[in-house]
Structures are given as C-alpha cells and as structure tokens.
Amino acid sequence: MLKSKLLFLTLILGTLSFTAYSFEKTVENSVQTLLSNNKTGLDSAVNFLVETKTPHTYALIGAVLEKRLYVKGTKAYTLFPGIKSYYEVYPEFKEAEGDVAGITPLKLSRKYILKFRPLSKYTQLYTPVAQSKLNAYQRFKQSGTLEDVAFLTEQLKTERDEKVKVAGNEAIYTIWLLSGEEQLEMNALAQLGEGASDQMLDPLEQYLKKKENAPQDQSYILASELISDIQAHERFINTAQNLFSGISLGSILLLVALGLGIIYGLAGVINMSHGEFLMIGAYTTYVIQQCFISYLPASWFEGYFWVSLPLSFITAGLIGLLIERLIIRHLYNKPLESLLGTWGLSLIMIQICRSIFGDITAVKSPELLSGGIEVMDGLILPFNRLFIIGLTVFMGGLTYIVFFKSRLGVKIRAVTQNRNMSACLGISTKRIDAMTFFLGSGLAGIAGCAMTLIGNVVPNMGKTYIVDSFLIVVVGGVGKLVGIIASAMGVGVLSKIFESFYEAVYGKVIMLAIIIFFLQFKPKGLFPDKGRLSEE
C-alpha cells in the first residue's frame, strides 16, 4: 500500500516536472523565434507570450514596445533614455556585462507591437529609472486587479529603492481596498494605518464613497481617520513650502533692494533703471557661459557660474559707475527729474540688450545646484533656491561689514546724513557718490546672476522686481539696512501666503493694500531716523 502511494506521488511529481520543463521549453522557443524574427512561427510565438504572461519575458517585451531591442546570439539588450550603458533583457534583466560589440537592432512590425501593448503595465516595471517605476506603480493603482498582486509582491522582493517600495505597496493596498472583499479591505487599512502618503488620498476617498451607506462600520471610521491624517500632513507641507518660497522670494527682492536702498538713501535718486542692472548681471552670466562652451574644455563648463558671480558684480558696477558719471550725477536730490530720466534710461538699456541678444536666452544651472534636499515626505527644498538664500545672507553680511565696519562705510553714512557737513570735513562727496552707485549696481548684478538659476534671461526681467524693491525700501526705512532686510522677508513671505489662498493677482493687490495701510501710520517706514535727523 505504501509503495503504491509512493509510486503515485512520484508519478505526479514527474508529470509536474515534465509539464514545467515543457512550458519553459515552449517559452524559450517562442523567445528565440522572436529574436530571430522568423516569419514562419512569429505569429504563434507572439500569441503564446501574450497569452501566458511569463514574467521573465516582460523586460524583453518592454524593449519591443519601446522599439529599443538589440540582439546578439540568444541574448537580447536594450537602452534606457538618459542611461548610457546597455541592459540585458533576456534571459534575465540586469546591466550588461562584458563586450556588447556586434549587437544589432531588431525591428518588429507594428502588428506585433500592438499585440504586446496589453502587457505594457507589467513591462514598465523593468527599468533602472526609479521615476519610471513610480509611474508604473501609479498605473497599477488605477487599473490593477487582484490577479496582479502576486506579480507585484514578487517584484517588490528585489526592489531596493525605498520610494519605489512604498509606491509598490500602496498599489497593492489600493487593489485590496477597492476589491470588494472585506478581509482584504481591512488588511489594506491596517497596513496604511502605519503610514500613508498623500498618494493614497484618492483611493481612500473612493473607498469612503463606496461605504457611505455604512458610516458606523469600523472600516469607514479607519478610512476617515486616515484621510484626516493625510490632509493634516498636506496642510503642514503646504505651509512649510509657502514659508520657504516666501523666504526665497524675499531673498531675491533683498538682493535687488539692497543696492536700490543705498543709492536712494544717499542721493535721493529714484532710480527706475535699477532693475536693468539685474538684467546686466544675468546677461553677463550668459556671456560667460557661452565663452566657456566656445573656448574652454567641456570638463570646465561647471565653473562658468562661479566665475560669473564676481564678474556680474564688477560688470554691473562699472556700467553703473559710467551712467552715474554721465547722467545720474546731474539728477541728485531731484526726485521727479531722476524718476523720468532713469525711466527713459531703462527703456534704452532694454532695447540695446534686445538688439544684441534677442528676446529670450537661457542659462544652464550647474550640476551642483540641480535637484534638492528632501526634508520629509512631500517637502523638497531645491538646491538652487537654497543657494540664493545663502548668497543673500552672505551679501547682506558683507554689506553690513562695508557700511558699519569700514572707513568707506563711515563716509557713506556721513554723506547720507549730512552732505554739506561731510564736504566741509574734507570728504569727497562726488567720489562717495560714485563708489556708492558702483556698489548698489554691483549688488543688483549679483541678483541677476542668481536669477539665472530659476528663470530665463530676458531684456525686461528687471521690471518684474523694481516696483516691489521700491516698496521694500520705503517700508523698511530709507537707507536702513535692517529695515530693508525685515521688509524684504515680510513682503516675500506674506506674498506667498496670500497667493496660496487667492490667485497671484489678488494676492499682490492685498499685499499692496496692506503696505498702503501701513504707510498711513508709519510714513517713514519700520526704522525711521531718530533725533535731529528725523526733523530734516
């Protein structure tokens, strides 16, 4: 009896082994027919691969769908966008090892590509690009079925990227959640209770809609709590993002307003052409970039931006010095004449740049400043904006040292407070005027260089910031460094907060209304002059 049972079991195992071997052999034959592009058996081979849904052929099928299939003997390879090395897609999916010379592209007709199209949601997981995997798992959230769960689970066993793992698990939980099976729904809710990202908000809301007739169920209550947690996290992320964006905007405005406040406080010139020095700094950066591309080795390209920073300051400063000597010095303490004169000057400068460079140019950010730092899930701080904030802090500190810790700063402040008395004490007010205009224009040039990290270079780019810069100078207190810093940060942060509740235009209107209301009570700004100076 025992021998009979053992014999029966042996027969079953042998049959199963033979069936598995036969199946694998058929898969192998179908793949080789595909790779050889054998017209005789190609139809049946393709049909077999589509119907059997064999996972270890998905990478190969993906290469067919993407029209990037290469063959060498019995092996198949592909290339992925943005990745230089070849990947082997059959007999297994891995980065190609050894010599791939002699591979040839294989093109299949559109008829076979269309037959493979239903398998695309599986094939898109076979890629070294993490973002492509994330997108593929997102599609499983939308169209996945319970039949896909085993495949997804198997894929996640070898996945190393934590973000992709989270996306894959959430795809499985979404399928369970919308499956209509109570036990699977509760399993999904239990797993999500340990931490759900904002990507699960839509599936959970769909689930609540299905359960709206049973609001007392435990599953309904759990789903509601999860949605509340996700929404609270989103509000926190949005608040933090708006705060960071406001500080970033305030930093840009501060860089522009620093020079403007210095010039306005010293000479009483309403310099409407100040924004064009920002433009000069940006175009200086563009020219330096083109010089690096044309005349220096490609390996040196990343250094163009760091060379542009001081050159933008010097170029904008020297052009500002030239304009001060030729035009501005005749307009000191003549607010109306200086407003009209510098406005005309700004139009001339814009048209000159448009004639030389055209309407739009672009500067490529250095690799060092590309990407960002992920503080927490959903909150990423871009490196370029962090650099602008750091640059603003550095330039603000340097400006403070120049104005409050140096002999030049003492002279500038003396001329600002009492020009006639300073001249009587032997200070060359004309030289101080020229130096101050150089410094103010140079600071705007630095701002222009920084602006190339976050936008295109256009001739009228300075117009975007000139009005806000004047408002910052007036609100902070004319010639007051601390006031300009406080005002710039306040305007930047409040602008972004209002824009998050209203449209950008309405947010700007509200910001202007608040400034007008503030100036009714403090017309001399946050930090007005005190003592005898306040009476002049």
Side-chain angles (χ1 to χ4, degrees), residues 248-249 251-253 255-260 263 271-298 300-328 341-370 382 384-385 387-388 391-392 395 437-469:
S248 174
L249 174 61
S251 299
I252 295 168
L253 293 174
L255 277 175
V256 181
L258 271 176
L260 185 65
I263 294 169
N271 186 11
M272 294 300 293
S273 65
H274 187 75
E276 278 53 69
F277 293 103
L278 179 145
M279 174 194 68
I280 289 168
Y283 276 112
T284 300
T285 307
Y286 172 74
V287 170
I288 297 299
Q289 173 191 258
Q290 297 307 109
C291 289
F292 267 68
I293 292 173
S294 301
Y295 302 111
L296 294 174
W300 290 25
F301 177 76
E302 290 296 311
Y304 86 89
F305 184 79
W306 314 110
V307 174
S308 300
L309 275 171
L311 288 181
S312 295
F313 177 87
I314 293 169
T315 304
L318 289 176
I319 294 175
L321 184 61
L322 177 64
I323 290 173
E324 193 274 339
R325 290 290 84 189
L326 295 177
I327 301 170
I328 303 296
T342 55
W343 176 68
L345 179 61
S346 75
L347 296 178
I348 294 171
M349 295 169 71
I350 289 172
Q351 192 56 47
I352 290 173
C353 282
R354 181 173 283 117
S355 300
I356 297 172
F357 299 103
D359 285 323
I360 186 169
T361 54
V363 172
K364 186 180 183 300
S365 296
E367 288 294 329
L368 184 63
L369 300 180
S370 299
N384 55 359
R385 291 191 176 271
F387 172 78
I388 290 174
L391 178 64
T392 303
M395 295 307 299
F437 214 91
F438 174 83
L439 291 174
S441 302
L443 287 171
I446 288 280
C449 181
M451 282 296 299
T452 62
L453 296 174
I454 57 175
N456 292 321
V457 181
V458 294
N460 61 346
M461 62 188 299
K463 296 297 182 188
T464 307
Y465 298 97
I466 188 65
V467 174
D468 286 339
S469 300

Ala444: side-chain contact (heavy atoms from CB on, under 4.5 Å) partners, not counting sequence neighbours: His274, Phe277
Validation: residues 349-359 side-chain donor-acceptor distances under 3.5 Å, sequence neighbours left out:
residue : atom : partner : partner atom : Å
Arg354  : NE   : Asp359  : OD1          : 2.9
Ser355  : OG   : Gln351  : O            : 2.9

Closest non-hydrogen atom pair, Ser370 against Ser365: OG-O, 4.3 Å
Under the ring pair (Phe, Tyr, Trp, His ring centres under 6.0 Å) test, residues paired with Tyr465 that sit two or more places apart: none
CG on Leu278 to CD1 on Ile466, rounded to 0.5 Å: 9.0 Å
Contact check, side chains of Cys449 and Phe313, non-hydrogen atoms, under 4.5 Å: no
Validation row: Ile327, Glu324 side chains within 4.5 angstrom (heavy atoms): no
Taking every non-hydrogen atom, the tightest pair across Ala316 and Gly445: CB-CA, 3.6 Å
Any Ile252 side-chain heavy atom under 4.5 Å of Ile454 side chain: yes
Leu311 CG to Ile446 CD1 distance, which is reported to the nearest 0.5 Å: 9.5 Å
Heavy-atom closest pair, residues Phe292 and Val307: CZ-CG2, 3.8 Å
Exercise: identify the closest heavy-atom pair between Pro366 and Phe305: CG-CB, 3.6 Å
Any donor-acceptor N/O pair, Asn384 side chain to Leu369 backbone, under 3.5 Å: no
Reported OG1-to-CZ distance for the pair Thr392 and Phe387, which is rounded to 0.5 angstrom: 9.0 Å
Residues in side chain to side chain donor-acceptor pair (under 3.5 Å) contact with Thr284, at least two apart in sequence or another chain: none
For Leu253 against Ser469, the heavy-atom pair lying closest together: O-OG, 4.3 Å
Residues forming a side chain to side chain donor-acceptor pair (under 3.5 Å) with Ser273, sequence neighbours excluded: Asn271
Approximate separation, where rounding is to 0.5 Å, of Ile280 CD1 and Leu318 CG: 10.5 Å
Glu276 versus Ser346, closest heavy-atom pair with distance: OE1-CB, 2.9 Å
Gap between atom CE of Met395 and atom CG of Leu255 - 0.5 Å precision: 7.5 Å
Pairs satisfying side chain to side chain donor-acceptor pair (under 3.5 Å), at least one member in residues 300-319, at least two apart: Thr285-Ser312
Salt bridge (charged side-chain N to carboxylate O under 4.0 Å, His left out) partners of residues 360-370, not counting sequence neighbours, each pair once: Lys364-Glu367
Where at least one partner belongs to residues 445-462, residue pairs that pass side chain to side chain donor-acceptor pair (under 3.5 Å), sequence neighbours excluded: none
Derivation and outcome, side-chain contact (heavy atoms from CB on, under 4.5 Å), residues Phe437 and Leu321: CA-CA 6 Å; Phe437 214 91; Leu321 184 61; 5.7 Å; no
Any residue meeting side-chain contact (heavy atoms from CB on, under 4.5 Å) with Ile293, in chain and number order, not counting sequence neighbours: Gln289, Gln290, Phe301
Under 3.5 Å: donor-acceptor pair, side chain of Thr342, backbone of Met272: yes
Pairing residues for Ser248 by the side chain to side chain donor-acceptor pair (under 3.5 Å) criterion, not counting sequence neighbours: Arg385
Non-neighbouring partners of Thr361 that pass side chain to side chain donor-acceptor pair (under 3.5 Å), sequence neighbours left out: none
